[in-house]
Amino acid sequence: MSTPSTPTHIDDDPLGRERAHLSSSRAALRAMREDVESLDISDVTANWVNAQILGRQIEDRIRALADLSDTPLFFGRLDYLHAPGAERAEGERPRPEAADQKLYIGRRHVHDGNGDPMVIDWRAPVSQPFYRASKKDPMDVGLRRRFGYTGGDLTAYEDEHLSDPEEGARTSRLLQQEIERPRVGPMRDIVATIQPEQDEIVRSGLGGTVCVQGGPGTGKTAVGLHRVAYLLYAHRERLARTGTLVIGPNRSFLHYIEQVLPALGELSVRQATVDDLVAHVEVRGADDADAAVVKGDARMAEVVRRAVYAHVTMPTEPVVVVRGSRRWRVPAYELEEMVRELLDRDIRYGAAREALPQRIAHAVLVQMERSGEAPDDRVQDAVARNSAVKAAVKAIWPPVDPAKLVLRLLTDAEFLAEHAAGILTEEEQKTIRWAKPVRSVKSARWSAADAVLIDEATDVVERTPSLGHVVLDEAQDLSPMQYRAVGRRCTTGSATVLGDLAQGTTPWATRGWAEALGHLGKPDAVIEELTAGFRVPTDVITYASRLLPHIAPGLTPVASVRENPGFFELRPVSDPAEVVAACEELLRHEGSTGLIAADTRIPVLAEALAAAGIPALSPGEETTHDTRLTLVPASLAKGLEYDYVVLDDPRAIVTAEPDERTGLRRLYVTLTRAVSGLTVTHTAPLPDQLGV
């Protein structure tokens with residue numbers, strides 16, 4: 001007679017116990033969401049405006065508490081040797097010390113019905129050792145456990161005993177698998193795989209600006225986005241008042257990254273391009289490279305400032321204010337003193353214009369008091385609104401329309417020469433002047449660089465509101481004037497500047513970060529460099545790095561830390577059908593595929609794909625479609641990533657640019673978009689700089 005087997009208890013099954021905690025945590029998160037959904041605000045708001053505001057806040061909170069079924073609720077566990085301290089973020093309520101010193105680290109905080117934490121937010125100070133603890137410095141952590149998931153199901157775990165001297169240091173297999181996991185659709189967060197050097201940047205303080213120089217695959221974009229999430233956690237009340245903004249190079253890029261912050265529970269961060277920020281006029285034209293370079297030069301700021309303040313004229317006549325039977329006279333010399341004082345204060349043109357009538361009115365009140373009257377503030381306001389005062393102010397300090405001012409600079413040779421004297425050469429002035437006269441602001445064919453000049457003039461007239469924190473990605477492609485446009489959006493706040501000098505592909509591309517940060521108004525920013533590549537395979541980044549001596553001498557090449565070397569192939573082809581065949585081969589693998597080519601080649605390749613019956617998306621459409629192939633113009637490839645890439649005709653990518661160096665930089669960008677494998681197809685010989 002056989003003895004029945006003893007049932008396995010959950011306490012004897014570590015994986016089962018962790019799955020049980022995951023189920024309990026999901027239930028707790030669901031209860032937290034239901035608590036918010038059940039809130040009745042009908043009796044707690046004074047009016048409908050407050051009700052609308054509170055209602056939106058509740059809706060945002062409900063969305064932030066969403067449990068995404070395919071996203072792990074927690075990805076790690078820390079077993080502390082002693083109870084961790086009760087540090088907390090700004091505005092966070094105190095919480096009890098974790099029972100048994102075991103803390104589960106996840107994307108957001110989850111607590112049970114008693115308020116005890118079941119999952120700790122990755123941004124909390126107590127979670128920091130998950131990213132930084134090591135054998136050398138265990139940070140009071142005995143065990144670090146990482147979890148592996150398939151979809152939303154917990155399927156594996158891996159332990160690292162930091163306090164055990166017998167256990168040697170080793171590479172985490174789960175960490176490698178997460179880094180190398182195939183990607184389809186928009187960019188994912190890296191919250192489970194943040195490395196120590198990245199974590200230092202992510203957790204840097206709100207008060208300082210950080211510039212991150214990072215080559216392809218180093219995670220600089222993800223670091224910038226996670227820094228925003230961290231700052232919103234640590235300084236939520238302050239940033240709720242001042243606002244946060246992520247600036248990307250184009251709409252496709254912003255679509256690609258738009259899901260990262262919501263996945264971390266942050267829904268209030270606005271995204272924009274630089275063109276969005278300066279959209280004072282409709283951009284319908286384009287500059288040639290020479291004109292764009294001059295318009296984007298920082299010297300244009302002084303030209304614009306001179307042109308604005310040239311409207312101020314010194315008074316030659318007195319102002320006479322009539323009140324009742326009395327006449328009060330402010331002489332011209334006194335008016336001139338007021339004007340010169342306002343100019344010396346170096347305040348905004350518009351603010352000075354608003355102050356001038358009050359200065360004149362104050363001078364009148366002084367005369368009234370000397371004559372025995374006792375005027376009050378209401379009298380001063382009335383005098384400031386007097387028709388004689390208003391007429392004098394209009395003549396001395398007239399209003400300025402920024403768009404009309406820039407239009408005059410670009411169309412009136414004498415006006416431009418007057419205010420660009422000693423700043424721009426005659427040849428440079430000729431370069432930016434429009435060949436044909438323009439009737440009005442609306443009929444003008446403004447370029448993107450013109451819009452930035454209008455934004456500069458607008459700021460001279462009236463101060464641009466400042467945000468609490470701005471993330472500027474792909475910053476290497478900005479002109480000095482564009483840096484100024486971004487900088488005035490964070491004059492009283494801080495910034496995270498992200499870029500790679502080797503990937504600058506505009507004629508005005510950044511030459512050095514110190515110069516760029518000066519234009520941004522953040523000369524004291526800390527410059528950090530990321531050189532460990534987590535996304536690009538070794539063979540691919542090694543091949544692409546052959547271009548570095550030609551495009552960015554002295555820049556440290558990226559060193560791939562991936563265990564999977566991926567694959568790399570150079571394939572001669574004779575027609576587009578063979579390029580399509582290369583795509584078909586890569587589509588047999590799991591994950592996304594990008595077909596990248598010179599912009600002029602896109603219609604031909606699109607036709608070849610259609611003839612083969614292969615659907616393809618445009619960049620940015622990955623967020624709403626399941627198709628795994630994206631047809632990418634080289635000009636839009638920057639910042640995007642695909643598991644597999646077919647790069648068509650490198651020489652065509654180089655020759656499409658106005659000069660060889662810019663073309664080689666564009667090629668470097670396109671060569672480094674692959675996460676797992678790259679096939680380079682070519683009919684023409686490869687560029688000599690690739691050393692083939």
Side-chain angles (χ1 to χ4, degrees), residues 180-187 216-217 252-253 255-256 535-537 539-541 543-544 562 564-656 666-687 690 692:
E180 298 175 9
R181 179 161 58 97
R183 59 193 307 116
V184 176
M187 181 180 180
S252 297
F253 178 84
H255 284 310
Y256 177 63
R535 301 299 299 168
V536 185
D539 291 349
V540 173
I541 196 64
Y543 183 72
R562 293 168 57 109
N564 181 357
F567 73 84
F568 170 68
E569 178 189 7
L570 296 174
R571 181 183 298 186
V573 297
S574 58
D575 57 50
E578 293 184 62
V579 178
V580 172
C583 293
E584 290 180 302
E585 291 176 20
L586 294 183
L587 285 169
R588 298 190 188 110
H589 299 281
E590 182 184 2
S592 59
T593 297
L595 170 55
I596 305 177
D599 292 29
T600 54
R601 291 274 294 163
I602 295 298
V604 174
L605 294 174
E607 184 177 341
L609 289 170
I614 301 175
L617 306 174
S618 297
E621 293 182 342
E622 297 94 341
T623 59
T624 55
H625 294 77
D626 294 330
T627 301
R628 294 192 295 117
L629 177 65
T630 304
L631 181 57
V632 186
S635 62
L636 296 181
K638 194 170 297 181
L640 305 181
E641 288 181 348
Y642 302 94
D643 283 297
Y644 300 94
V645 167
V646 173
L647 178 63
D648 177 58
D649 204 349
R651 186 169 289 277
I653 292 174
V654 174
T655 57
R666 182 77 70 188
L667 178 58
Y668 180 74
V669 171
T670 57
L671 281 169
T672 54
R673 299 305 95 198
V675 171
S676 297
L678 171 66
T679 298
V680 177
T681 59
H682 62 101
T683 52
L686 294 168
L690 288 174
V692 178

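Numbering of residues begins at 1 and proceeds along the displayed sequence. Please read these numbers as outputs of a predicted model, since none were measured by experiment.
- Counting all heavy atoms, side chain and backbone alike, Thr630 lies closest to Pro619 at CG2-N, 3.7 Å.
- With values rounded to the nearest 0.5 angstrom, Glu590 atom CD is found 9.5 Å from Ser676 atom OG.
- In this structure, Tyr644 OH and Arg628 CZ are separated by 9.5 Å, a value rounded to the nearest 0.5 Å.
- With sequence neighbours excluded, the residues forming a salt bridge (charged side-chain N to carboxylate O under 4.0 Å, His left out) with Arg666 are Glu657, listed by chain and number.
- The backbone N or O of Leu686 lies less than 3.5 Å from a partner atom in the side chain of Arg651, making a donor-acceptor pair.
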Can you give me every donor-acceptor pair (side chain of residues 595-603, partner residue at least two apart or in another chain, under 3.5 Å) with its distance?
residue, atom, partner, partner atom, Å
Asp599, OD1, Ala634, N, 3.2
Asp599, OD1, Ser635, N, 3.2
Asp599, OD1, Ser635, OG, 3.4
Asp599, OD2, Ser635, OG, 2.6
Arg601, NE, Asp648, OD2, 2.9
Arg601, NH2, Asp648, OD2, 3.1

Given the rule in the side chain to side chain contact (heavy atoms under 4.5 Å, CB included) test, do Asp649 and Val579 qualify, once you have shown the distances and angles that lead to the verdict? CA-CA 10 Å; Asp649 204 349; Val579 178; over 6 Å; no
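- Judged purely by atom type and a 3.5 angstrom limit, Arg535 has no side-chain atom pairing as donor or acceptor with the backbone of Thr672.
- Ser592 places a side-chain N or O within donor-acceptor distance of the main-chain N or O of Asp643, the cut-off being under 3.5 Å.
- The OG1 atom of Thr670 lies 12.0 Å from the CG atom of Leu640; values are rounded to the nearest 0.5 Å.
- Atom-to-atom distance recorded for Leu629:CG and Leu586:CG is 9.5 Å, nearest 0.5 angstrom.
- Separation of atoms OG1 (Thr627) and CD1 (Ile614) is listed at 11.5 Å; rounding is to 0.5 Å.
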Go through it in stages, so that I can follow the logic: the residues are Phe568 and Leu570, the test is side chain to side chain contact (heavy atoms under 4.5 Å, CB included), and I'd like the CA-CA distance, side-chain angles, deciding distance and then a yes or no. CA-CA 7 Å; Phe568 170 68; Leu570 296 174; 3.7 Å; yes
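- Between Val540 and Leu671 the shortest heavy-atom distance is CG1-O, 3.3 Å.
- Shown here for Tyr668 and Pro216, the closest heavy-atom pair between the two residues is OH-CD, 3.3 Å.
- Considering all non-hydrogen atoms of both residues, Glu641 and Gly217 come closest at OE2-CA, 4.3 Å.
- Considering only heavy atoms from C-beta on, Glu621 stays 4.5 Å or farther from Ser252 through its side chain.
- Going from atom CG of Leu667 over to atom CD1 of Ile653 covers 6.0 Å, rounded to the nearest 0.5 Å.
- The minimum heavy-atom distance linking Val573 with Thr683 is given by the pair O-CG2, 2.9 Å.
- The two residues Ala637 and Val669 come nearest to each other via the heavy atoms C-CG1, 4.3 Å.
- Atom CD of Glu584 is surrounded by more than 12 heavy atoms from other residues, nucleotides or ligands within 6.0 Å.
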